[in-house]
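Accompanying notes for the structure given below.
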Amino acid sequence: MTGSTWVLWWKDAQGTASLGLLQERLLRGLRASLKGRWSMDTKLFHSPYNFVQHQNIKVPPLTAPRGTASDQSMYLVVRGSSRRQFYVMASNRVVVEAEPEMESIVLRLKNLWTPRQTARVEGYTYEGDDWIIRTGNMMVGTSYKGLIIEINYLPCSNPEQTRGLMLELLMMILPEDAQVDANHGVDYRRAGLDPTSMTDRHTAYHVTRL
């Protein structure tokens with residue numbers, strides 16, 4: 001996937017009703033094409049070891065923004081239904097693409113990594129002329145936590161240059177009173193990522209910041 005991507009959290013969405021509303025506005029209002037199912041899993045693991053201290057890695061001190069994992073935590077982000085993509089963020093600083101075997105390897109290392117929380121998103125993928133939108137309801141354990149919207153604008157990979165277009169598109173599909181957390185202030189540099197040119201690793205990192 002190329003281009004620039006925003007990941008948004010519709011906090012007060014109403015499950016199937018909200019998912020259906022978005023589908024109607026995308027298909028009828030924007031004349032998008034429904035491409036199929038979409039899913040994403042974000043799993044948080046915790047370790048008794050502090051890997052930054054253990055390896056004597058010198059890093060600048062971090063504040064604690066929402067969603068920030070400690071040096072003893074790891075996120076595993078699994079995106080897609082048919083062609084699944086795996087991304088790992090360790091110690092809140094490094095995001096790498098991983099092989100599909102990574103999940104089973106982590107689960108076998110029970111003494112090193114303990115599962116703490118899983119967020120699952122299930123929904124649909126839509127395509128327009130120069131954008132892709134994915135929408136899905138999010139469950140954390142057995143609790144409904146709202147709806148995730150992922151907007152991918154294909155012609156440009158710089159997120160700052162696409163901010164206006166993203167907001168305009170968002171206003172066309174969301175209710176006026178929707179409580180949306182866009183987390184515009186995500187700092188990709190914290191994970192060693194270029195803030196001016198997005199990749200799939202940027203999107204995975206953005207997901208862990210919600």
Does any part of the side chain of [Y], heavy atoms only, come nearer than 4.5 Å to the side chain of [X], both counted from C-beta?
X: Leu76; Y: Glu103; value: yes
X: Leu30; Y: Met172; value: yes
X: Thr42; Y: Tyr87; value: no
X: Leu165; Y: Trp6; value: no
X: Ile148; Y: Trp9; value: yes
X: Leu22; Y: Leu147; value: yes
X: Arg79; Y: Arg134; value: yes
X: Thr196; Y: Glu160; value: no

Are Tyr153 and Asp130 close enough, and set up right, to give a side-chain contact (heavy atoms from CB on, under 4.5 Å), and what steps lead you there? CA-CA 6 Å; Tyr153 181 66; Asp130 50 13; 3.8 Å; yes

For [Y], does its backbone N or O pair with a side-chain atom of [X] as donor and acceptor, under 3.5 Å?
X: Thr135; Y: Ile149; value: no
X: Tyr144; Y: Gly146; value: yes
X: Ser39; Y: Gly80; value: yes

Test side chain to side chain contact (heavy atoms under 4.5 Å, CB included) applied to Ser4 and His202, Gln161, Met166, the passing residue: Met166

With side chain to side chain donor-acceptor pair (under 3.5 Å) as the test, would you mind laying out the steps for Thr5 and Asn152 before giving the verdict? CA-CA 4 Å; Thr5 303; Asn152 178 210; 3.2 Å; yes

Checking Arg201 against Tyr205: charged group under 6.0 Å from the ring centre and within 45 degrees of the axis? no

Lys/Arg cation over aromatic Tyr124: Arg37, 6.0 Å, 45° cone: yes

Contacts of Tyr126 meeting ring pair (Phe, Tyr, Trp, His ring centres under 6.0 Å) (sequence neighbours excluded), chain-then-number -> none

Any chance you could lay out the side chain to side chain donor-acceptor pair (under 3.5 Å) test for His206 and Thr203, step after step, and finish with the verdict? CA-CA 5 Å; His206 198 160; Thr203 304; over 6 Å; no

Do you see a donor-acceptor pair shorter than 3.5 Å between the side chains of Asp12 and Trp10? yes

Begin from the C-alpha positions of Leu169 and Ile151 and carry the test side-chain contact (heavy atoms from CB on, under 4.5 Å) through to its verdict. CA-CA 9 Å; Leu169 185 57; Ile151 305 176; 3.7 Å; yes

side-chain contact (heavy atoms from CB on, under 4.5 Å), that's the test. Do Glu150 and Val121 meet it? Break it down for me. CA-CA 11 Å; Glu150 182 180 294; Val121 180; over 6 Å; no

